[in-house]
Amino acid sequence: MKKIVVLTGAGISAESGLRTFRGTDGLWEGHRVEDVATPEAWHRDSVTVQRFYNLRRAACRQAQPNAGHLALVELEKYANVHIITQNIDDLHERAGSKNILHLHGEIMKAQSSRYPDLVYPIEGDELTESHKCERGYALRPHVVWFGEPVPNMEKAISIVQDADILLVVGTSLQVYPAANLIYEVPSGCKFILIDPNANQMHVNSAVELIDGTAAKILPIWVQQFAEQNFAT
């Protein structure tokens, strides 16, 4: 079976009703990114940061996987599928995908503010100042903030280095270091980009560009892949 690596971004979650990371006004849900998504913001006003992510977590629980997420589950019948996502929601998991690597953390988990390797599932939506890790330090969202390293980057690189197909869905390829993954694929890897603005992106001419949303295009693409590779 071919190995298909799928790099997903905010666009696929937007179709489930979750806001994209940064709007055209430069704000995320009405907040400056610097005020809610940096280590400095946490040290300056942890209460506001916690409240912000508590609301995002509640929104994630209300959202449901869409046809794009479900198509990637269907794809597992026909290929060895690995999903590398920039999204912090759990929609891929709830859709049923098996091999998922979160580059930027998982909003449904908390980590120690002092020992980041201490990670815990969050029961419910609320994470408050009273929640502590086993060593007595405050718990913060298990999210990679601006200015922090991306712990799973090396693992992601190893996943794409033997891909037969790289499928990029719902990401502008403007967030680094995640965007660098497209340069780690082996020679001969087929590169397909699915996005409503695909034809406006400046990428190598060898990239197959498909204009459209994940929920609209992925079910069609998966069906065509199955017919081309498993026709009887």
Side-chain angles (χ1 to χ4, degrees), residues 7-66 68-70 72 83-97 100-113 116 118-133 137-153 169-172 174-179 213-215:
L7 176 62
T8 65
I12 193 169
S13 295
E15 294 183 87
S16 291
L18 298 180
R19 297 278 188 91
T20 52
F21 177 70
R22 200 189 306 226
T24 55
D25 55 4
L27 301 178
W28 186 13
E29 296 282 0
H31 294 265
R32 293 193 321 138
V33 171
E34 295 80 5
D35 293 336
V36 292
T38 64
E40 293 77 15
W42 171 261
H43 293 302
R44 184 171 58 246
D45 188 357
S46 63
V47 173
T48 294
V49 173
Q50 292 282 40
R51 186 184 305 120
F52 176 82
Y53 283 96
N54 287 343
L55 291 173
R56 304 287 75 70
R57 196 173 298 111
C60 286
R61 290 193 189 278
Q62 291 296 318
Q64 297 298 319
N66 61 57
H69 296 101
L70 298 175
L72 293 178
I83 295 173
I84 301 173
T85 184
Q86 300 173 71
N87 301 331
I88 59 176
D89 60 65
D90 64 347
L91 293 177
H92 283 301
E93 283 86 352
R94 285 196 277 136
S97 290
I100 308 162
L101 181 70
H102 286 266
L103 280 181
H104 299 147
E106 301 177 63
I107 198 170
M108 298 304 177
K109 296 180 180 179
Q111 70 185 59
S112 169
S113 57
L118 296 178
V119 177
Y120 309 86
I122 297 175
E123 300 297 333
D125 301 329
E126 295 291 318
L127 193 61
T128 69
E129 294 67 39
S130 64
H131 292 100
K132 310 288 184 183
C133 74
Y137 290 88
L139 291 179
R140 51 161 274 189
H142 179 53
V143 174
V144 176
W145 288 328
F146 283 96
E148 294 183 323
V150 180
N152 281 333
M153 195 62 194
V169 183
T171 173
S172 63
Q174 298 298 310
V175 177
Y176 291 86
T213 67

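Residues: numbered from 1 along the sequence shown. Because the structure is a prediction, the values reported are computed rather than measured.
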Review point. Stepwise, does the side chain to side chain contact (heavy atoms under 4.5 Å, CB included) test hold for Val143 with Glu148?
Key: CA-CA 10 Å; Val143 174; Glu148 294 183 323; over 6 Å; no
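The shortest distance between side-chain heavy atoms of Leu103 and Pro177 does not fall below 4.5 Å. For the pair Cys60/Met108, a side-chain contact is recorded, criterion being any heavy-atom separation below 4.5 Å from C-beta on. Side-chain contact check for Asp125 versus Asn54: every heavy-atom pair is 4.5 Å or farther apart. Between Arg57 and Leu127, some side-chain heavy-atom pair lies under the 4.5 Å cut-off.
A search for side-chain hydrogen bond (donor to acceptor under 3.5 Å, both in side chains) contacts involving Trp145 returns Tyr53, not counting sequence neighbours.
Side-chain N or O atoms of His92 include none that pairs as donor or acceptor with a backbone N or O of His69 at under 3.5 Å. Distance alone, capped at 3.5 Å, places no donor-acceptor pair between the Ser16 side chain and the Ala63 backbone. Put simply, the side chain of His104 gets close to the backbone of Gln86: a donor and an acceptor are under 3.5 Å apart. A donor-acceptor pair under 3.5 Å is formed between the side chain of Gln50 and the backbone N or O of Leu139. In this structure a side-chain-to-backbone donor-acceptor pair under 3.5 Å is present from Asp45 to Thr48.
Minimum interatomic distance between Ala41 and Val36 (heavy atoms only, all atoms of both residues): CB-N, 3.9 Å. Taking every heavy atom of both residues into account, Ala214 and Val169 meet most closely at CB-CG1, 3.5 Å. Heavy atoms only, all atoms of each residue included: Pro149 and Pro151 are closest at O-CD, 3.2 Å.
Here CD1 of Ile100 is found 9.0 Å from OG1 of Thr8. Values are rounded to the nearest 0.5 Å. Taking CD from Glu93 and CD1 from Ile83, the interatomic distance works out to 8.5 Å, rounded to the nearest 0.5 Å. For the atom pair Asn66 CG and Leu18 CG, the distance stands at 9.5 Å (nearest 0.5 Å). In this structure, CD on Glu129 lies 14.5 Å from CZ on Arg140, to the nearest 0.5 angstrom. Remark: Asp90 CG to Ser97 OG distance equals 12.0 Å, nearest 0.5 Å.
For the side-chain hydrogen bond (donor to acceptor under 3.5 Å, both in side chains) with His142, the qualifying choice from Gln111, Lys109, Glu106, His102 is Gln111, the only one to do so. Exactly one of Asn87, Thr213, Thr85 qualifies for a side chain to side chain contact (heavy atoms under 4.5 Å, CB included) with Ile12. That residue is Asn87.
Asp89 and Arg56 are not joined by a salt bridge, as no carboxylate oxygen comes within less than 4.0 angstrom of a charged side-chain nitrogen.
The number of heavy-atom neighbours closer than 6.0 Å to CD of Gln62, taken from other residues, nucleotides and ligands shown, is 12 or below.
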